[in-house]
Amino acid sequence: MEYANQAGLLPELEWQLICRALNEQLSPENVDGALCSEVIQDLSKLELSQQSVKGETQQVIDPFKYLVKTTRIEPDVASATDATSNKKKIKVKKNEHETKSLIPISPNRRGAPEDISVPYSVELWRKSKTLNRDRAVFGCSLAHLIAMKTLIGDDHDKSDDLSSHDAKFDFILEDNVRAFVGLEDTVGNNSCECACRIWDLIEASNKAQDKPHLRYYGWLGSKPNLSWVYNNHIPRKAFGSGGETIKIFPFPTNNDFLLDSIDGTSSKPATNQTTNKDTTEESTKKPSFSTPGGTAVWGMFAYTISPAAYHSLIAQLQNDVGMLMWKGKRMRAFQAKAIDKIIPRTVREVFGEMSVHLSDKVGFVRCPMLGSMLHSQWEEGFCESTELQYALSSHGEGCNAWDNVWLGDIERQIVDYRKKNGKWIRKEDIQGKSPKSKSNGSARSRSLSPVNIVTLSMLLLVNTLAFAFTTSMQTAQRKATLCIPSILKASTEAVRPNSEERQRAKLGHVPIISRSIQIADEMNVTVWEMEKPSEIIQEWWSIDESERTSRVGDPFGVIMWPGSILASRELMKQQQAVSNATVLVLGAGTGVEAQAAALLGAKKVIATDINPLSLQLLAYGASKIETIGPDVVEAKYFDLFSKDPLPKCDILVAADTLYNAELAKQVGHRLHEAITRSFEDGHTPIKVIVTDSQKVFGTNFLEEQEMIALNTIFEEGKWKPLEWKLETLNNFCGSGVLIDDDQIYDVDVRVIRWGWDVK
């Protein structure tokens, strides 16, 4: 909690009240009812009594006595009922407690109702004390935040980006990295390679059209991800003007993976087990990645952040503990979010995807075989990735990377052993250990270290383990539920389709599976879905709304939904109108209604979506059906929130695209655009089909003012209005969404049909 306060997370009032409570309970003779400023500066001055230290007495400390009041709820007591009420009494479990805040709660707090009902520091304490081994990860995050606060402070102009700081050479550097050193040129002069690479990055970054707010001077990734970054992402996304020396590119995201048909959330390390029985259990587990995916870039060991980005980051963290730690539905304890995921994600959300700049040539690398207590099993992988990164960026031999890096004596011995024997060893395995040295130990002659060549204003950042106070304060049990709209009539039986009827394939690196859907007795369509969508959709629901787009994008278009079947059946009823028409599908997903329109004889089907993987699934499915011409179905990227006009069409279909209020409102706006445009052009009014099996609160776009005005015009002209009608789809079989098995259920679907018989 003290580190959280130093990092600028805790409100000043809460910290003062915590210190007052501790001061009273640990040093009662010094309390006169006022806040104690010296305690705020250094809590280490407060100590337990000697009796408690010796175990003779148990001293209970409640640091939050002035922040919350916890009371026990008596069992079998009615909840909020009076004598005249007919409501049934609600039984309360034994030992259940209720916690109420004693101070005002900021209206800007974000999170579950039970979390934001208590002060920020209480929520932070409740969650962080369950972190277990993740306390070290949380401690590292706090250390970075303290470093940023020290580097930037509170006096900078919050509008500043990094391009206005081109004269500064300030950045944050962890203590577990090493720098590229200077090479002797033909005339005997030394230059600092690390400093040159940093200046090249600064100059090229400042020339970019999008202003930088976060720069990486050192970064890593798994070997498959590094190959993908250098061979695919950099050639596609590089920007700025670094000449021939350096290439600047934006932080890679899951959407960039999807451009190459890679599932950005599916890459997990395999664990290779060695056969030597004498090795320790830890040393036998060596994770390795075989395919690209997951987090493309690791590490925040050398970077700089703009004042504007820092103040934006800290403002969000001060109101949302969920940005620092999370817990899934089936998890017993919270997990800390790594700082190298929090910072770039937040900066991209606020300042845009092009605001985070990396270069193909890094100035710093991780120390070889660091001996980390957090992730020792990854040490060999970090070293191998460093070698690959050097080979890809410099077109040289990877193992030679260490020749150009400033290393200590023991580190140089580790590298030499690697070159000679092809294996990595740990520091403790080196015979005749020497004390830690700051000499280079390189085979090449280097007279100066980088810090002697260029004066760097750095903060040496030490990975710090988070301390925990001991308290017996009772806390309410947090229920981590995954909130999904209740739209289904529960089925008592879940039937799994015969696996022999479904085909499996891979779209790039993404496993996909076919699904055949019967639209009518005389029509079937076959679409392709992500085989196991539960992981990506679970992640979507488990994280905060503000983080969703930057982390996983919109994941719901990778499976088939009930509304698409109802929309396809509506098209089937109007086969004569569909034949030779242009059909526009919004949020087409896997393409059920797009295939149905094509099979019914549509001249052109423009199937749009925002998810690149959905578009690839759609195109793949259409290409597998021989009776659909090669140019009939067009899978087209289209953002409903963009300013681009809708493609012109005769029939518009939007099936199950109303799963949040903001999206539903925009679908209604686009529907209004299509209808009014067809009247203005003097053409036959456009025909419309909209279905919605979600029925989420706030998603009835017909209640928007522009749609009310449109229906008023229709009524005056004696045209049929836009209106919902409810239908039931029986025995729908589809993905379990949050589980891998299929589910069968009945579902109510509301439908809009308009334009087919307007009078």
Side-chain angles (χ1 to χ4, degrees), residues 258-259 517 519 523 525-528 554 556-558 560-561 563-572 574-625 627-658 663 666-681 683-691 752-756:
L258 291 176
L259 294 175
I517 303 110
I519 305 302
M523 178 188 286
V525 299
T526 300
V527 296
W528 290 78
D554 188 329
F556 299 107
V558 298
M560 181 267 297
W561 293 88
S564 61
I565 296 180
L566 262 296
S568 300
R569 290 179 180 175
E570 290 299 321
L571 290 172
M572 185 83 180
Q574 307 292 340
Q575 182 173 0
Q576 185 174 357
V578 175
S579 179
N580 207 37
T582 298
V583 179
L584 173 64
V585 184
L586 303 181
T590 56
V592 175
E593 59 271 47
Q595 287 190 22
L599 292 172
L600 291 170
K603 176 178 64 177
K604 184 72 174 179
V605 180
I606 306 171
T608 68
D609 208 291
I610 197 173
N611 188 333
L613 179 58
S614 298
L615 293 172
Q616 292 172 12
L617 288 168
L618 189 154
Y620 182 81
S623 68
K624 302 289 285 185
I625 299 179
T627 53
I628 297 179
D631 299 323
V632 174
V633 177
E634 177 188 359
K636 180 181 180 67
Y637 177 91
F638 186 81
D639 185 354
L640 290 172
F641 291 90
S642 70
K643 296 181 180 179
D644 298 329
L646 284 174
K648 292 189 175 182
C649 61
D650 305 307
I651 301 171
L652 185 147
V653 181
D656 274 340
T657 58
L658 312 182
L663 178 59
Q666 190 64 14
V667 170
H669 179 69
R670 290 296 193 171
L671 180 61
H672 181 276
E673 172 192 340
I675 293 174
T676 54
R677 185 175 64 185
S678 66
F679 279 100
E680 291 170 355
D681 292 344
H683 298 154
T684 303
I686 191 173
K687 299 171 175 60
V688 173
I689 298 174
V690 182
T691 64
I752 291 177
R753 311 172 186 86
W754 190 89
W756 309 95

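One is the number of the first residue; the rest follow in order along the sequence.
Side-chain contact check for L599 versus I625: some heavy-atom pair is nearer than 4.5 Å. By the 4.5 Å heavy-atom criterion applied to side chains, V667 and L640 are counted as neighbours. At a threshold of 4.5 Å between non-hydrogen side-chain atoms, the residues E570 and W756 do not count as touching. Considering only heavy atoms from C-beta on, L571 comes within 4.5 Å of I651 through its side chain.
Taken from CG in D656 to OG in S564, the straight-line distance is 7.0 Å, to the nearest 0.5 Å. To the nearest 0.5 Å, the span separating CD1 on I752 from OG1 on T691 amounts to 10.0 Å. Note: L652 CG to I689 CD1 = 9.5 Å, rounded to the nearest 0.5 Å. Atom NZ of K624 sits about 10.5 Å away from atom OG1 of T526, to the nearest 0.5 Å.
One N or O on the side chain of S642 and one on the backbone of D639 form a donor-acceptor pair closer than 3.5 Å. Under the 3.5 Å distance criterion, the side-chain polar atoms of W561 are matched with a main-chain donor or acceptor of F556. Although no hydrogens or angles enter the test, the distance criterion places a donor-acceptor pair under 3.5 Å between the side chain of Q616 and the main chain of L258. In this structure, Q595 contributes its side chain and V525 its backbone to no donor-acceptor pair below 3.5 Å. No side-chain donor-acceptor contact under 3.5 Å links K687 to the backbone of V653.
Here E673 pairs with R670 under the side chain to side chain donor-acceptor pair (under 3.5 Å) rule; sequence neighbours left out.
Heavy-atom minimum distance, I606 versus K648: CD1-O, 4.3 Å. Listed here is the closest heavy atom pair of W754 and I686: CZ3-O, 3.4 Å. Between R677 and P645, the shortest heavy-atom distance links the atoms NH1-CB, 4.3 Å.
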L618 and D609: CA distance, side-chain angles, deciding distance, side-chain contact (heavy atoms from CB on, under 4.5 Å) verdict: CA-CA 10 Å; L618 189 154; D609 208 291; over 6 Å; no
Step by step, would you call L617 with N611 a side-chain contact (heavy atoms from CB on, under 4.5 Å)? CA-CA 10 Å; L617 288 168; N611 188 333; over 6 Å; no
Donor-acceptor list for residues 577-591 side chains, cut-off 3.5 Å, not counting sequence neighbours:
none

